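Being a predicted model, the structure only gives us computed values, none of them experimental. Letters go in sequence order (proteins before strands), and every chain restarts at 1.
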There are 2 protein chains.
Amino acid sequence: MTDQPEDPGERISEAEHAVMEALWEASPLTATEVSDRVSEARGWSLATVKTLLSRLVAKRAVATEPDGRRFLYSPTIERTDYVDSESRRLVDRLFGGRAAPLVAHLVEAEALNEDDIAEIERLIREFRK
Amino acid sequence: MTDQPEDPGERISEAEHAVMEALWEASPLTATEVSDRVSEARGWSLATVKTLLSRLVAKRAVATEPDGRRFLYSPTIERTDYVDSESRRLVDRLFGGRAAPLVAHLVEAEALNEDDIAEIERLIREFRK
DNA sequence: GCGTTACGACTACACTCGTAATCTGAATTG
DNA sequence: CAATTCAGATTACGAGTGTAGTCGTAACGC
């Protein structure tokens with residue numbers, strides 16, 4: 001079959017990820033709108049954001065839809081999937097692929113407070129159901 | 001005070017990290033020993049490992065100690081600290097700095113199986129004590 | 001209609017990374 | 001002592017990244 005849909009695409013860099021976050025928060029957006037939303041925090045020029053958008057389009061992580069003389073940009077991948085793959089990478093790299101040691105580490109590093117732990121217990125109970 | 005000790009140093013790249021793992025497992029090691037331990041899995045030449053070692057020394061993540069005509073290499077940072085900072089980076093970037101959502105994500109993505117969850121509960125109980 | 005904008009496309013450029021090869025000097029071997 | 005060898009230092013080099021600037025063209029304001 002003539003492919004055309006899907007396409008995992010290469011990895012998304014950190015700067016590109018910031019752009020993705022803007023698009024996951026709201027889309028479609030124009031380049032200027034994306035810029036308005038990310039330049040603020042990152043101190044980027046519009047040109048920089050445009051470059052990042054093109055690279056994301058090249059990586060097929062973002063799709064464009066023409067809107068008159070300009071483009072509307074939308075993510076083609078779900079944030080959940082991205083988060084999942086990034087989390088997995090970390091777990092693979094640092095914890096031998098096992099997620100439990102990561103949680104153990106977070107507990108030991110006191111990255112989790114009482115509320116977090118209570119929340120986790122709740123999630124586990126929920127999951128068990 | 002004339003500094004000179006410590007120095008967090010720049011970020012460690014992924015290839016460099018593989019070298020760090022070898023040194024965390026055993027140190028001090030010579031360049032050849034490190035190479036023997038990592039080249040296997042990565043398919044790197046000794047030259048590559050030497051380059052990575054120099055870069056790690058430049059970043060002050062690894063220290064050298066002369067041993068005759070050669071050097072013995074040892075990590076200057078603890079694996080725990082590295083794991084901690086990498087985990088934090090992920091949590092900051094993807095979960096707004098809160099670790100609980102990461103665990104929630106792992107549970108939902110079914111990255112955790114029953115054993116993992118049991119283990120986490122054990123850790124939590126342990127932590128509570 | 002014509003100058004001014006607004007946009008995407010193309011170009012730029014220094015720096016990091018992955019992956020080595022080569023150079024240089026010292027040590028070891030005959 | 002000369003030849004070989006081994007180790008670190010230096011150099012290489014293409015791909016990817018961060019961070020823009022410039023070009024060309026189509027639309028919009030007057």
- Consider only side-chain N and O atoms of B:Thr48 and B:Thr51, and report whether a donor and an acceptor are under 3.5 Å apart. no
- Starting at the 5' end of DNA chain C, which residue's closest nucleotide do you reach first, B:Ser45 or B:Arg69? B:Ser45
- Query: Does the pair B:Arg70/B:Glu65 count as a salt bridge with the N-to-O cut at 4.0 Å?
  - Reply: no
Short heteroatom pairs, N/O only, protein and nucleotides 14-17 of chain C, under 3.5 Å:
{"residue": "C:dC17", "atom": "OP2", "partner": "B:Lys59", "partner atom": "NZ", "Å": "3.1"}

- Between D:dA7 (C1') and B:Leu72 (CG): distance, integer Å: 12 Å
- Item | Value in whole Å for how far the P atom of D:dC6 lies from CG of B:Asp36 | 13 Å
- Quick one: is D:dA27 close enough that its OP1 or OP2 comes under 4.0 Å of any side-chain N or O from A:Arg70? no
- Task: Quickly work out the A:Arg42 CZ to D:dA20 P distance and round it to whole Å.
- Result: 12 Å
- Message: Can you measure B:Leu46 atom CG to D:dA9 atom C1' for me and round it to whole angstrom units?
- Response: 13 Å
- Does the pair A:Arg89/B:Glu14 count as a salt bridge with the N-to-O cut at 4.0 Å? yes
- Take the protein atom CZ of A:Phe71 and the nucleotide atom P of D:dA26, then report the distance between them rounded to whole Å. 13 Å
- A:Met20 CE to D:dT17 C1', in whole Å, measures 17 Å
- Message: Checking contacts here: which listed nucleotide (C:dT19, C:dC7, D:dA9) is nearest the side-chain heavy atoms of B:Trp44?
- Response: C:dT19
- Query: Within this structure, what is the NZ-to-C1' distance between A:Lys50 and D:dG18, rounded to whole angstrom?
  - Reply: 18 Å
- Between atom NE2 in A:His17 and atom P in D:dG16, what is the gap in whole Å? 20 Å
- Task: May I ask you to verify whether the side chain of B:Thr51 and the base of C:dA20 hold a donor-acceptor pair under 3.5 Å?
- Result: yes
- Message: Quick check on side-chain contact (heavy atoms from CB on, under 4.5 Å): which of B:Leu53, B:Leu29, B:Leu56 does B:Tyr73 satisfy it with?
- Response: B:Leu53
- Message: Looking at D:dA7, I'd like to know if its phosphate oxygens (OP1 or OP2) sit under 4.0 Å from a side-chain N or O belonging to B:Thr32.
- Response: yes
- Query: With A:Trp24, which residues qualify under ring-ring contact (aromatic ring centres under 6.0 Å, His included), at least two apart?
  - Reply: A:Tyr82
- Message: So, OP1 or OP2 of D:dA20: does either fall under 4.0 Å of a side-chain N or O from A:Thr48?
- Response: yes
- Against the side chain of A:Leu52, the closest entry in C:dA20, D:dG18, D:dG8 is D:dG18
- Carboxylate-amine/guanidinium contact A:Glu121 B:Arg125, below 4.0 Å: no
- Query: Can B:Arg11 and B:Glu16 be said to form a salt bridge (Lys or Arg N to Asp or Glu O under 4.0 Å), step by step?
  - Reply: CA-CA 10 Å; B:Arg11 257 174 81 52; B:Glu16 286 158 6; over 6 Å; no
